[in-house]
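Inspection log for the structure reproduced underneath, given as structure tokens.
Because only heavy atoms are used, hydrogens play no part in the values below, and waters and symmetry mates are left out as well, while side chains stay in.
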Amino acid sequence: MTTIGDLGEFGLIARLTGGLPLGPDVALGPGDDAAVVAAPDGRVVATCDLLVEDRHFRRDWSSPYDIGRKAAAQNLADVAAMGARPTALLVGLAAPAATDAAWAQRLYAGLADECAEAGASVAGGDVVAAPAVTLAITALGDLGGRPPLTRSGARPGDLVAVRGRLGFSSAGLEALRRGEREPAELVEAHRRPRPPYEAAEEARAAGATALLDVSDGLLQDLGHIADASGVRVEIDSAAVPVPAVLGPDGLRHALTGGEDHAFAGTFPPAAKPPSTWAVIGRVAEGTGVVVDGRPYGPGGWDHFRG
């Protein structure tokens, strides 16, 4: 086994970035002091996220390829949720020197393949030795001359709709914690989320007034729209998609489970959300989020309390 310590910093960088495909948005990729990424709009949408071993992923539960897909997906989804087109990813990798170099290569393969799903590229980054694997990801995107879709545009009377899977990752995580590997659909959803990146363009075309990526739980994230817009979000539990595979606690998973990276948005009452979206409630005067007219328990994930 060749470790990343055997390769050294620059040997590792060469091994990880040598075969990365670069899309048309990256004018200059890995190899210089910094990358050069096109910004035809004149503005850059930027977001960053951290993934820490045994906090956000476990190497005995997830392959390096899946970890790479997950790390890229949660950042690319944030860019898409702003109504932007993802263009590039910058990756900071910290790992023990004894880490198998092949493991790190598979991680980068996952990053690159998820970027390809969203039309982006891995444009650069950094590596460093550390006691545990940590990934620091920065994603960039382009608005194409259009205004961003934010959390602050919802208005009373708007419809609330969602696109993508809800609760799958949460249910999969509970199965893994019980030592189970079934249902495979749920376990795989936890290992590798699948954001519907096209949802952002669908939402914009339908006149969405607010949009976000559901990363910490539907209720908690809709609470961000409620707070930013100064409104009340009312959810009809019977309208929330709860597939049978989620089991008897399916509604709880769908309402509070995170890391599926679905999209939730609000739409003017006269506009029809696309058929791929599920209308689950409406926006009203007031504050907060309610389900069937009442508050609903703990709403989602908090990185300092979960």
Minimal non-hydrogen separation, Ala77 against His261, with atom names: CB-CB, 4.2 Å
Connected via hydrophobic side-chain network under 4.5 Å: Leu76 and Val45: no
Glu201 backbone acceptor or donor facing Arg204 side chain under 3.5 Å: no
Heavy-atom side-chain contact between Leu93 and Val133 under 4.5 Å: yes
For Ala34 against Leu28, the heavy-atom pair lying closest together: O-CD2, 4.1 Å
Check: Asp292/Ser237 side-chain N/O donor and acceptor closer than 3.5 Å: yes
Sidechain-backbone polar pair: Thr2 side chain, Ala101 backbone, donor-acceptor under 3.5 Å: no
Residues in side-chain hydrogen bond (donor to acceptor under 3.5 Å, both in side chains) contact with Asp126, at least two apart in sequence or another chain: none
Test item: Asp158 side-chain N/O and Val283 main-chain N/O as donor-acceptor pair under 3.5 Å: no
Arg191 (side chain) donor-acceptor with Trp61 (main chain) under 3.5 angstrom: yes
From CD1 (Ile4) to CD (Gln105), nearest 0.5 Å: 11.5 Å
same_hphob_cluster(Val242, Leu166) at 4.5 Å side-chain heavy-atom cutoff: yes
Residue pairs involving residues 231-246 (criterion salt bridge (charged side-chain N to carboxylate O under 4.0 Å, His left out); sequence neighbours excluded): Arg232-Glu234, Glu234-Arg282
His190 side, atom NE2; Arg177 side, atom CZ - distance, nearest 0.5 Å: 7.5 Å
Greater than 12 external heavy atoms within 6.0 Å of Arg194's CZ: no
side-chain contact (heavy atoms from CB on, under 4.5 Å) between Glu202 and Phe263, worked out: CA-CA 11 Å; Glu202 294 173 351; Phe263 292 88; over 6 Å; no
Salt bridge Glu198-Arg163, side-chain N to carboxylate O under 4.0 Å: yes
Gap separating the CG atom of Leu89 from the OG1 atom of Thr138, nearest 0.5 angstrom: 8.0 Å
Student check: side-chain heavy atoms of Ser121 and Asp25 closer than 4.5 Å: no
N-O pairing of Glu174 and Arg252 below 4.0 Å: yes
Heavy-atom pair of closest approach, residues Ala203 and Leu211: CB-CD1, 4.1 Å
Test item: Lys70 side-chain N/O and His56 main-chain N/O as donor-acceptor pair under 3.5 Å: yes
Backbone of Ala139 reached by a side-chain donor or acceptor of Thr47 within 3.5 Å: no
same_hphob_cluster(Ile280, Ile225) at 4.5 Å side-chain heavy-atom cutoff: yes
Sub-4.5 Å side-chain heavy-atom contact between Pro148 and Arg43: yes
Worked check of side-chain contact (heavy atoms from CB on, under 4.5 Å) between Leu186 and Leu246: CA-CA 8 Å; Leu186 302 181; Leu246 292 180; 3.8 Å; yes
Distance in Å, Arg151 CZ paired with Thr266 OG1, rounded so as to fall on 0.5 Å steps: 12.5 Å
Any side-chain heavy-atom pair of Pro156 and Val231 under 4.5 Å: yes
Verdict with supporting geometry, Tyr197 and Glu114, side-chain contact (heavy atoms from CB on, under 4.5 Å): CA-CA 11 Å; Tyr197 296 113; Glu114 190 66 31; 2.6 Å; yes
CG on Leu107 to OG on Ser62, rounded to 0.5 Å: 11.5 Å
Under 3.5 Å: donor-acceptor pair, side chain of Ser229, backbone of Ala154: yes
Within residues 3-19 or reaching into it, pairs that qualify as salt bridge (charged side-chain N to carboxylate O under 4.0 Å, His left out) - sequence neighbours excluded: none
Over all atoms of both residues, closest heavy-atom pair of Gly144 and Asp41: C-OD1, 3.5 Å
Minimal non-hydrogen separation, Ala200 against Leu149, with atom names: O-CD1, 4.3 Å
Side chain Asp221, main chain Ser215, donor-acceptor under 3.5 Å: yes
Contact check, side chains of Val214 and Val162, non-hydrogen atoms, under 4.5 Å: no
Ile67 reachable from Leu176 in the ILVMFWY side-chain graph, under 4.5 Å edges: no
Test item: Glu117 and Pro86 side chains (from C-beta on) under 4.5 Å apart, heavy atoms: no
Steps toward side-chain contact (heavy atoms from CB on, under 4.5 Å) verdict (Asp66, Glu188): CA-CA 9 Å; Asp66 286 341; Glu188 287 305 309; 4.2 Å; yes
Closest approach of Cys48 to Asn75 (non-hydrogen atoms, all atoms of both residues): C-OD1, 3.5 Å
Name of the residue among Ile235, Leu218, Val233 meeting side-chain contact (heavy atoms from CB on, under 4.5 Å) with Val291: Ile235
Test item: Asp260 side-chain N/O and Ser169 main-chain N/O as donor-acceptor pair under 3.5 Å: yes
Nearest-0.5 Å distance, CZ of residue Arg69 to CG of residue Leu111: 10.0 Å
Shared hydrophobic cluster, Tyr108 / Ile13 (ILVMFWY, side-chain heavy atoms < 4.5 Å): yes
Any side-chain heavy-atom pair of Leu51 and Gln74 under 4.5 Å: yes
Exam field: side chain Asp49 to backbone Ile137, donor-acceptor pair closer than 3.5 Å: no
Beyond-backbone contact of Tyr296 with Thr256, side-chain heavy atoms, under 4.5 angstrom: yes
